[in-house]
Amino acid sequence: MAVNTSSKILSKVINSRVGLNFLVNGRRDIHVTSSVTMPVKIGDKLPSVDLYENSPASKVNIAELTAGKKVIIFGVPGAFTPGCSKTHLPGYVSDFDKFKSKGIDEIVCVSVNDPFVMAAWGKEHNADGKVRMLADTNGAFTKAMDLEKDLTGPLGSVRCQRFSMLVEDGVVKNANIEPDGTGLTCSLSNSLLSQL
Ligand code: BEZ
């Protein structure tokens, strides 16, 4: 189901601890503490996190990159994976002019990969000058947005859920997170274009 989850599922990156006390035989015997985290939502400010472009020597702070600009950020589970290569990235590359005509200053692709892999992937898809290929090397951005997905089995590590976002002056204006984390529905280029 293609769902723009921005107004429903998404909630602020919060860490709430809920303590529950149960009365057993009139005594407070059990205390259960659970930790709840929820993904990025409209109105959130992007975290000040460094990503890497082309090499580990080239840091790009995502909060600085988006300051004073309209930026599309989309996240993928992995460079060179079939869905990301056949559908997700090519859509944003081919729609570059449409996004520009709607006032978008930059399009950014993020993945938990190393910057050399991201650069090679972008090159293969002629992303240069259209989509900036930023590596979330240690997953710090993904974690800060609470968009982690354990893909240890298929891809070898915790990765980023597939998502897209419109960010204006560092603030999230729209967000689409794939319901299953890897599907190719609401986070695709045409879906975001229709929201602009
Ligand atoms: C993909 O094709 O995009 C994909 C493959 C394996 C895991 C996650 C995504």
Side-chain angles (χ1 to χ4, degrees), residues 1-6 8-11 13 37-41 46-47 49 51-54 56 60 62 71-96 98-99 104 106-167 172 174-195:
M1 182 173 58
V3 182
N4 174 357
T5 48
S6 56
K8 293 181 188 164
I9 298 172
L10 311 183
S11 293
V13 179
T37 58
M38 299 180 88
V40 61
K41 77 162 188 351
L46 286 196
V49 171
L51 300 171
Y52 297 86
E53 189 168 31
N54 296 316
V60 177
I62 197 72
V71 180
I72 301 295
I73 303 175
F74 68 100
V76 302
F80 292 104
T81 62
C84 307
S85 282
K86 288 186 189 140
T87 308
H88 210 182
L89 175 58
Y92 283 93
V93 172
S94 66
D95 284 338
F96 172 75
K98 292 180 190 164
F99 281 112
I104 299 300
E106 301 243 38
I107 305 176
V108 170
C109 175
V110 175
S111 181
V112 180
N113 281 112
D114 74 58
F116 301 110
V117 166
M118 288 299 279
W121 189 39
K123 198 166 182 185
E124 185 170 289
H125 289 274
N126 300 311
D128 201 28
K130 295 182 175 177
V131 176
R132 292 182 68 174
M133 308 298 292
L134 302 188
D136 187 16
T137 50
N138 56 7
F141 176 71
T142 298
K143 192 174 169 103
M145 306 296 281
D146 197 21
L147 289 170
E148 291 175 299
K149 181 156 181 82
D150 187 351
L151 291 171
T152 311
L155 299 182
S157 61
V158 173
R159 300 295 180 100
C160 186
Q161 294 183 51
R162 199 185 295 285
F163 73 91
S164 67
M165 284 193 282
L166 168 64
V167 179
V172 176
N174 212 348
N176 309 287
I177 302 172
E178 293 294 342
D180 67 355
T182 58
L184 291 154
T185 61
C186 63
S187 68
L188 297 184
S189 171
N190 58 350
S191 174
L192 193 45
L193 263 176
S194 72
Q195 297 163 7

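Counting convention: from 1, in listed order, for ligands and their atoms alike. Below, all heavy atoms of this structure are taken into account, side chains as well, without hydrogens, waters or symmetry copies.
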Next item on the list: Begin with the C-alpha distance, continue with both residues' side-chain angles, and end with the deciding distance and a verdict on side-chain contact (heavy atoms from CB on, under 4.5 Å) for Asn176 and Gln195.
Entry: CA-CA 10 Å; Asn176 309 287; Gln195 297 163 7; 3.0 Å; yes
Next item on the list: Specify the protein heavy atom at minimum distance from atom 5 (C) of ligand 1: its residue, its atom name, and the distance to 0.1 Å.
Entry: Thr81 CB, 4.1 Å
Notebook entry, point to check: Would you call the rings of Tyr92 and Phe74 parallel, tilted or perpendicular if under 30° counts as parallel and over 60° as perpendicular?
Noted result: parallel
Note to self: Donor-acceptor pair, distance only, cut-off 3.5 Å: does the side chain of Lys143 make one with the backbone of Asn138?
What the structure shows: no
Note to self: Within ligand 1, which atoms have a heavy atom of Cys84 less than 4.0 Å away?
What the structure shows: 3 (O)
Next item on the list: Distance to 0.1 Å, residue and atom name: give those for the protein heavy atom nearest to atom 6 (C) of ligand 1.
Entry: Leu155 CD2, 4.1 Å
Check: Can you list every pair that meets side-chain hydrogen bond (donor to acceptor under 3.5 Å, both in side chains) and has a residue in residues 106-117, with sequence neighbours left out?
Finding: Lys69-Glu106, Glu106-Arg132, Ser111-Asn113
Next item on the list: Output yes when the distance from some N or O of ligand 1 to some N or O of Pro82 is under 3.5 Å, and no in every other case.
Entry: yes
Next item on the list: Starting from the C-alpha separation in whole Å, work towards a yes-or-no answer on side-chain contact (heavy atoms from CB on, under 4.5 Å) for Met133 and Leu89.
Entry: CA-CA 10 Å; Met133 308 298 292; Leu89 175 58; 3.8 Å; yes
Margin query: Evaluate Arg162 for polar contact with ligand 1, using N/O atom pairs at a separation under 3.5 Å.
Written below: yes
Item checked: Nitrogen or oxygen of Gly83 less than 3.5 angstrom from that of ligand 1 -> yes
